[in-house]
Each structure stands twice: as structure tokens, then as C-alpha cells.
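Working notes, beginning with the structure itself.
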Amino acid sequence: MSLYFTKDHEWIRVEGDTATVGITDHAQGQLGDIVFAEAPEAGKTLDKGGEAAVVESVKAASDVYAPASGEVVEANPAIADDPSVINTDPEGEGWFFKLRLADPSELDGLMDEAAYRAWVETL
């Protein structure tokens, strides 16, 4: 299992050819109390860097981008039922969707956890 991060504050956990995607703890902290989340439906094809999901908080609405290209195989119904799970467990139960990777080499340009944490310190 490998974990990667984007500069748009998404994380992607890869197991085989399937990846789980969510927003980082830093992102949920910047957004504040999350009141709405919408994940893409299973079967939807996403392009790397394209809009994949929506998250809204009491402060702002924000898009969640696909960190890699592929087909959505599962959306997390828990975030629609209770968006606050994104605040309480953003890198665990607050995941947005699972993706079947179209091209695993797209992960090469993403950051590992240490690089992401160091980058966030510069913001």
C-alpha cells in the first residue's frame, strides 16, 4: 500500500490497481465545519487533475480533484449522510471515492507523506 498527496490537498492510497481518495487533514482544517459533500458515482471516468467531487463548509465550497485518471468503482455514502466525518477522520472514514487506476505511472508526480507535510509547512 502506498500513500501519495497532491498540492490541491488530496490524498490517494493505492492498493494494487485500486486507489482510495480523500482530502487531507490540512484541507479539512482550512475548510472548517463541513456541511455537504458529493462524491462521483461509480462508473464515472475521471481525468487526472479534473474535478471529481464537491465539498462545502460553513466557510466555502471547494472542488476535489482526481489525483490520477481512472474509473470510479465506489463512492463513500457515509460522507453524504454525515459530512462531518470528513472533519473527524479525513484520512480514514472520510474518504470520498475509490478509483481503478488507468495509468499508475501518473502517481510518479505526486508527493509522499513527508514531502507533503514539509510543503504544507511552507504555506
Once rounded to the nearest 0.5 Å, what's the spacing between atom CG of D25 and atom CG of D89? 9.5 Å

Mind checking the CD-OG1 spacing from E74 to T20? Nearest 0.5 Å is all I need. 8.0 Å

Closest approach of A52 to P40 (non-hydrogen atoms, all atoms of both residues): O-CD, 3.2 Å

Under 3.5 Å, is there a donor-acceptor pair between the side chain of N76 and the main chain of G94? no

Just by distance, do the side chain of D112 and the backbone of A114 share a donor-acceptor pair under 3.5 Å? yes

Would R117 and E121 pass as an ion pair if we require N to O under 4.0 Å? no

Do Q30 and K59 have side chains that approach each other closer than 4.5 Å (heavy atoms only, starting at C-beta)? no

Please name the pair of heavy atoms, one in H9 and one in W119, separated by the smallest distance, quoted to 0.1 Å. CE1-CZ3, 3.4 Å

Residue from R100, K48, E106 passing side-chain hydrogen bond (donor to acceptor under 3.5 Å, both in side chains) with S69: E106

Heavy atoms only: give me the nearest P90-N87 pair and the separation to one decimal. CD-O, 3.8 Å

Donor-acceptor under 3.5 Å (D33 side chain, V58 main chain): no

Where do H26 and W11 land on the ring-ring contact (aromatic ring centres under 6.0 Å, His included) test, with the steps shown first? CA-CA 11 Å; H26 175 80; W11 57 263; over 10 Å; no

Transitive ILVMFWY cluster of I23, excluding itself - 4.5 Å side-chain cut-off: Y4, I12, V14, V21, L31, I34, L46, V55, V64, V72, I79, V85, I86, F96, F97, L99, L101, L107, L110

Test D63 against V54 for side-chain contact (heavy atoms from CB on, under 4.5 Å), laying out the working first. CA-CA 5 Å; D63 291 320; V54 175; 4.0 Å; yes

What residue pairs, at least two apart or across chains, pass ring pair (Phe, Tyr, Trp, His ring centres under 6.0 Å) with a residue in residues 37-75? none

Side chain proximity check, T6 to P67, heavy atoms < 4.5 angstrom: yes

Shortest non-hydrogen contact from F5 toward E113: CE1-CA, 3.4 Å

To check you understand the geometry: which heavy-atom pair defines the closest contact between E56 and A61, and what is its length? CG-CB, 3.5 Å

For G43 versus E71, what's the shortest heavy-atom pair and its separation? CA-OE2, 3.6 Å

